[in-house]
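Here is the structure we will look at, set down as structure tokens.
Both backbone and side-chain heavy atoms feed into the values below; hydrogens, waters and symmetry mates do not.
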Amino acid sequence: MGSTSAHNPDGFGRRDLIKRSAAIGLISVPTMSFLSACASSDSGGDNKVEKGKKSDTNPLGVNETALLEVVIFDGGFGEQYAKDAEKEYNKAFPKAPKVKHSATQKIQSVLQPRFNGGTPPDLIDNSGAEQMDMGVLVGKDQLTDLTPLLDAPSIDDPSKKVRDTLRPGVAEMGQFDGKPVWILYYAYTVYGVWYSQTALDKLDAEYPETWDDMLAVCAKAKKKGIAGWTYAGKHPYYIPFSLYPFIGKIGGREVLDAIDNLEPNAWKHPAVKAAFEAYYELYKKGYILKGTPGLDHIESQTAWNEGKALFIPNGSWVENEASKTTPKDFEMRVAAPSSLDSSDKMPFGTLWASGGEPFIVPAKAKNPDGAMEQLRIMLSEAQSKNFTKLVSSLTSFNGGTDGLTLPPGLTSATAALDKAGENILNPRLQDWYVALQKEKIGVAGLGELMAGRLTPAEAIKKIQGFADEAAKDDSIKHYKHH
């Protein structure tokens with residue numbers, strides 16, 4: 001994951017020009033309820049359906065008469081793509097009841113009681129603000145190993161295994177610890193700084209490739225009554241979508257690996273300090289849209305669409321999620337984080353891109369083979385193209401865009417991937433430690449920093465404390481980069 005090198009704390013160029021100020025004040029942050037354990041009772045018993053007969057058309061041995069139950073997160077991607085793929089499942093297994101489909105934004109609230117009772121659905125799109133903690137699910141042996149799916153022949157070319165049709169790194173993301181693959185990340189998400197090309201053109205500005213240029217563009221916008229940035233203030237764990245690759249770009253991918261590994265003092269690295277001070281400068285100079293800390297993701301995206309702010313940290317689902325409020329001439333774009341200065345370890349264009357929209361099959365699912373077959377169908381070229389057409393996002397299927405006219409944001413995302421080349425970062429903190437990332441680092445740390453209620457030094461101290469607590473907590477399973 002890149003060589004480790006020593007860093008001079010004072011050797012980051014312009015970062016020493018960034019001035020700190022005292023915190024305005026501290027507020028208490030209410031804790032959110034996260035899945036701390038999914039200790040299923042045995043009341044569900046071993047009630048799996050009988051295995052079907054394997055064949056060329058049924059390589060996973062799906063029971064052809066068994067019900068399949070699917071629960072989808074009804075968020076930025078909606079649910080239609082899943083319904084369309086379920087129709088193909090129904091065609092493949094006409095003797096089975098119609099797929100039992102439901103969608104919700106409250107994954108944890110709806111499904112935790114079913115996990116606890118030993119009666120979970122067969123396939124779950126475990127996403128959103130109420131995502132179940134996947135590190136906990138893996139650690140508590142609550143998931144089915146999806147290796148049979150990855151080793152099954154692909155829909156389009158039976159001579160190729162499903163794993164060989166995936167984008168690089170997708171299968172590995174689902175491993176967590178060792179060889180089993182517990183999660184299939186269906187979407188392929190490009191994270192970064194999103195903006196309107198039209199808005200920049202009106203300012204006679206280009207996307208800023210350095211932080212000095214970023215501040216200059218924000219200053220220019222401020223004179224026109226436009227904020228430089230907004231973000232999901234109520235969900236400040238969106239901030240890392242541009243902040244984490246910024247940190248990795250400054251100090252190298254090993255800095256993010258150390259953070260993921262919960263290593264002592266990982267958050268005290270000079271690259272973290274420099275990135276925090278840069279983002280804090282956006283607050284200090286008044287370049288963040290007024291009221292942003294009180295906005296949720298939809299409200300901040302809408303304000304951005306309305307031209308009230310130039311930049312927003314987000315993922316490639318935003319084009320679909322914000323489509324209702326996006327002007328036709330908006331020309332949505334995404335770019336990698338600006339360079340801090342010439343001492344950055346990685347080049348401009350360094351990007352966070354990885355599998356997203358995690359699908360899981362519970363260990364106590366009645367029809368796990370059917371669930372894996374549904375995923376196999378979703379990973380066909382036809383269903384991948386359908387997803388892309390419906391929601392303006394890529395899938396983990398490596399391809400699926402030939403012949404499609406891509407919308408502006410997705411066109412920009414694919415161009416950003418091409419520019420990044422091998423300089424792709426993939427932080428894992430949000431997968432391995434959901435509660436730590438969202439509730440503590442996000443809300444209590446970064447949210448307070450960007451609202452001006454913590455200085456960079458205070459935020460780093462607080463976040464390092466949260467990481468140290470998690471590292472010492474024997475009740476949670478710990479993961480490492482290998």
Side-chain angles (χ1 to χ4, degrees), residues 76 190-246 275-338 352 392 407-409 412-413 416 442-443 446-453:
V190 175
Y191 302 95
V193 181
W194 291 75
Y195 63 98
S196 161
Q197 185 62 51
T198 303
L200 286 186
D201 288 345
K202 287 178 180 177
L203 286 173
D204 192 25
E206 296 180 355
Y207 180 80
E209 295 191 7
T210 70
W211 198 252
D212 282 329
D213 290 342
M214 171 61 77
L215 295 176
V217 171
C218 290
K220 199 171 187 179
K222 187 177 182 181
K223 290 178 180 177
K224 300 282 189 181
I226 302 168
W229 285 62
T230 189
Y231 58 89
K234 289 184 178 178
H235 310 300
Y237 46 85
Y238 276 54
I239 296 167
F241 297 154
S242 61
L243 179 62
Y244 284 2
F246 188 40
F276 276 36
E277 288 178 344
Y279 270 49
Y280 188 65
E281 194 169 12
L282 295 174
Y283 160 76
K284 287 293 292 179
K285 290 184 178 293
Y287 295 156
I288 295 175
L289 179 67
K290 189 175 181 180
T292 286
L295 302 179
D296 65 18
H297 58 301
I298 299 298
E299 291 165 335
S300 59
Q301 288 163 191
T302 300
W304 171 61
N305 282 164
E306 292 172 348
K308 294 176 182 176
L310 292 179
F311 304 112
I312 189 169
N314 222 314
S316 45
W317 61 79
V318 68
E319 188 164 27
N320 185 64
E321 191 171 62
S323 60
K324 290 179 181 177
T325 58
T326 305
K328 288 183 179 179
D329 65 346
F330 193 73
E331 291 298 318
M332 191 178 292
R333 300 280 190 274
V334 62
S338 308
W352 178 2
S392 302
S412 173
V443 175
L446 298 177
E448 295 298 279
L449 171 73
M450 296 304 289
R453 294 186 287 256

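For the atom pair OG of S196 and CG of D329, the computed distance is 7.5 Å after rounding to the nearest 0.5 Å. From E331, atom CD reaches atom OG1 of T326 across 11.5 Å, with rounding to the nearest 0.5 Å. Taking CD of E319 as the reference point, atom CZ of R333 lies at 9.5 Å (rounded to 0.5 Å). Taking NE2 of H297 as the reference point, atom OH of Y237 lies at 8.0 Å (rounded to 0.5 Å). Put simply, NZ on K324 and OG1 on T302 are 10.5 Å apart, with the number rounded to the nearest 0.5 Å. Between S316 atom OG and Y191 atom OH the span is 7.5 Å, to the nearest 0.5 Å.
Between the side chain of K222 and the main chain of K285, a donor-acceptor pair closer than 3.5 Å is present. Here the side chain of W194 pairs a donor or acceptor atom with the backbone of N314 at under 3.5 angstrom. When atom types are taken as modelled, the side chain of S338 and the backbone of P208 share a donor-acceptor pair closer than 3.5 angstrom. The closest donor-acceptor contact from the side chain of W352 to the backbone of V190 lies at 3.5 Å or more, if one exists at all. Although no hydrogens or angles enter the test, the distance criterion places no donor-acceptor pair under 3.5 Å between the side chain of S412 and the main chain of P408. Under the 3.5 Å distance criterion, the side-chain polar atoms of N320 are matched with a main-chain donor or acceptor of G76.
Side-chain atoms of Y279 and S242, non-hydrogen and from C-beta on, do get closer than 4.5 Å to each other. Counting only heavy atoms from C-beta outward, the side chains of L310 and L203 approach each other to under 4.5 Å. Residues K234 and L295 are not in side-chain contact: their nearest non-hydrogen atoms beyond the backbone lie 4.5 Å or more apart. Within the 4.5 Å cutoff, side-chain heavy atoms of V193 are placed close to those of Y207.
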Notebook entry, point to check: K220 and I226: side-chain contact (heavy atoms from CB on, under 4.5 Å), yes or no, with the steps?
Noted result: CA-CA 9 Å; K220 199 171 187 179; I226 302 168; over 6 Å; no

Next item on the list: Verify side-chain contact (heavy atoms from CB on, under 4.5 Å) between Q301 and T325, making sure each step is shown before the conclusion.
Entry: CA-CA 8 Å; Q301 288 163 191; T325 58; 5.9 Å; no

Note to self: Under the criterion side-chain contact (heavy atoms from CB on, under 4.5 Å), I'd like the reasoning laid out for Y287 against E281: C-alpha separation, chi angles, the key distance, then a yes or no.
What the structure shows: CA-CA 8 Å; Y287 295 156; E281 194 169 12; over 6 Å; no

Check: Given the rule in the side-chain contact (heavy atoms from CB on, under 4.5 Å) test, do F311 and L200 qualify, once you have shown the distances and angles that lead to the verdict?
Finding: CA-CA 10 Å; F311 304 112; L200 286 186; 4.2 Å; yes

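Pairing each heavy atom of P236 with each of V443, the nearest pair is CG-CA, 3.5 Å. Of all the heavy atoms in G315 and F241, the pair that sits closest is N-CD1, 4.2 Å. Of all non-hydrogen atoms in E206 and V217, the two that sit nearest each other are O-CG2, 4.0 Å. Nearest heavy atoms, P240 versus P245: O-CD, 3.4 Å. For the pair A451 and Y231, the tightest heavy-atom approach, listed with the atom from each and the gap, is N-OH, 3.9 Å.
A side-chain N or O of T292 and one of T230 form a donor-acceptor pair less than 3.5 Å apart. Between the side chains of D201 and T198, not a single donor N or O lies within less than 3.5 Å of an accepting N or O.
In this structure, the ring of W229 has its center no less than 6.0 angstrom from the ring center of Y283.
At most 12 heavy atoms of other shown residues, nucleotides or ligands fall within 6.0 angstrom of atom CG in D204.
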